[in-house]
Amino acid sequence: MGAREVSEFEDTDKSDRNSSRLASAVFLTSLAGASLLFGFGMTITMLKKKDPSMFAKSLIGGTREVPENGGALAMKALGWGTLYSITGFGLFCFGVCKLMGVSSTEEFRQKMQSIMPTIPKHKPQGRSDFKTVREVVQFIIDEDEKAKEQQKTTVK
């Protein structure tokens, strides 16, 4: 296989990678948009159920009875959300530490090492320091040829 055929593999690899990235970007953008619409719709529905008269007045506009503007309401929601998330995670960590009977991160590490199985570390077989796709393809070709020659010698 010559250099021309190897470069065709690189071009195919680049186009596959670009199409995969595009598909991923489209998927994540669609998911974010759907989440945004769902969250906004749920918020409007909850607001309408909570205070229908104020909801109707806010749709008409021009009323002075609206207690807060959007920015103030958003900052208030962000503050409460931050408080709830930090408190919840802190209580979770505190509960896990108390259940495990540890008081420091060093004790936690030692306790987890004694509970969890160890993952064996093994060196990768073969070559793993490729700089270009061309080197990978050439390595695969060479290994395939070696395997074919070994099969021929063992069959004879």
Side-chain angles (χ1 to χ4, degrees), residues 1-50 58 68-156:
M1 187 176 265
R4 184 177 196 190
E5 292 171 356
V6 172
S7 66
E8 288 175 11
F9 282 122
E10 285 181 1
D11 292 341
T12 305
D13 189 35
K14 279 184 182 178
S15 65
D16 288 345
R17 192 174 31 218
N18 287 340
S19 65
S20 175
R21 284 184 183 170
L22 179 64
S24 297
V26 167
F27 173 74
L28 290 176
T29 304
S30 301
L31 186 64
S35 299
L36 178 74
L37 290 175
F38 178 75
F40 184 72
M42 287 298 294
T43 304
I44 295 295
T45 303
M46 287 173 43
L47 180 62
K48 189 175 182 180
K49 285 181 182 178
K50 187 175 180 180
S58 66
E68 298 181 48
N69 65 9
L73 191 60
M75 288 302 293
K76 187 176 176 182
L78 180 63
W80 281 108
T82 303
L83 177 72
Y84 289 150
S85 65
I86 290 173
T87 304
F89 186 70
L91 287 173
F92 172 75
C93 291
F94 178 76
V96 167
C97 287
K98 287 300 174 185
L99 286 174
M100 291 180 71
V102 298
S103 60
S104 69
T105 55
E106 183 65 28
E107 289 178 25
F108 178 77
R109 182 184 63 82
Q110 291 172 353
K111 187 84 162 194
M112 290 305 291
Q113 283 181 340
S114 67
I115 294 172
M116 303 297 285
T118 58
I119 299 171
K121 294 183 180 181
H122 56 83
K123 295 180 181 177
Q125 297 177 350
R127 186 176 166 198
S128 62
D129 58 339
F130 301 105
K131 293 181 181 142
T132 64
V133 176
R134 181 176 300 205
E135 287 182 17
V136 174
V137 172
Q138 191 61 47
F139 176 75
I140 292 170
I141 292 168
D142 293 341
E143 290 296 314
D144 187 47
E145 288 174 359
K146 287 178 188 176
K148 285 180 184 178
E149 285 182 24
Q150 280 183 343
Q151 279 184 339
K152 286 179 184 178
T153 57
T154 56
V155 172
K156 291 181 182 180

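Being a predicted model, the structure only gives us computed values, none of them experimental.
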For Met75, look at atom CE and say whether over 12 heavy atoms of other residues, nucleotides or ligands are found less than 6.0 Å away. no
Please walk me through it: do Lys148 and Asp144 pass salt bridge (charged side-chain N to carboxylate O under 4.0 Å, His left out)? CA-CA 6 Å; Lys148 285 180 184 178; Asp144 187 47; 3.6 Å; yes
Side-chain (Thr87) to main-chain (Tyr84) donor-acceptor, under 3.5 angstrom: no
Between the side chain of Glu135 and the main-chain N/O of Lys131, is any donor-acceptor distance below 3.5 Å? yes
Side chain to side chain contact (heavy atoms under 4.5 Å, CB included) evaluation trace for Met100 with Glu107: CA-CA 10 Å; Met100 291 180 71; Glu107 289 178 25; over 6 Å; no
Evaluate the side chain to side chain contact (heavy atoms under 4.5 Å, CB included) criterion for residues Phe40 and Leu36: first the C-alpha distance (whole Å), next the side-chain angles of each, then the deciding distance (0.1 Å), finally the verdict. CA-CA 6 Å; Phe40 184 72; Leu36 178 74; 5.5 Å; no
Carboxylate-amine/guanidinium proximity below 4.0 Å for Lys152 and Glu149: no
Please report the C-alpha distance between Arg109 and Gln113 in whole Å, then the side-chain angles of each, then the deciding distance to 0.1 Å, and finally whether the side chain to side chain donor-acceptor pair (under 3.5 Å) criterion is met. CA-CA 6 Å; Arg109 182 184 63 82; Gln113 283 181 340; 3.2 Å; yes
Please report the interatomic distance OG(Ser85) to CH2(Trp80), rounded to the nearest 0.5 Å. 13.0 Å
What distance do Lys48 atom NZ and Thr45 atom OG1 have between them, rounded to the nearest 0.5 Å? 8.0 Å
In short, Val102 meets Lys111 closest at the heavy-atom pair CG1-CB, 4.2 Å
Run the side chain to side chain contact (heavy atoms under 4.5 Å, CB included) test on Lys146 and Gln150 for me, step by step, so that the C-alpha distance in whole Å, both residues' side-chain angles and the decisive distance to 0.1 Å come before the verdict. CA-CA 6 Å; Lys146 287 178 188 176; Gln150 280 183 343; 5.7 Å; no
Return the CG to CG distance between Leu73 and Leu78, rounded to the nearest 0.5 Å. 11.5 Å
If you measure from CG on Leu31 to CZ on Phe38, what distance do you get to the nearest 0.5 Å? 12.5 Å
Using side chain to side chain contact (heavy atoms under 4.5 Å, CB included), reason through Thr132 and Val136 one step at a time and then give a plain yes or no. CA-CA 7 Å; Thr132 64; Val136 174; over 6 Å; no
Give, for atom CD of Gln110 and atom OG1 of Thr105, the distance between the pair rounded to the nearest 0.5 Å. 10.0 Å
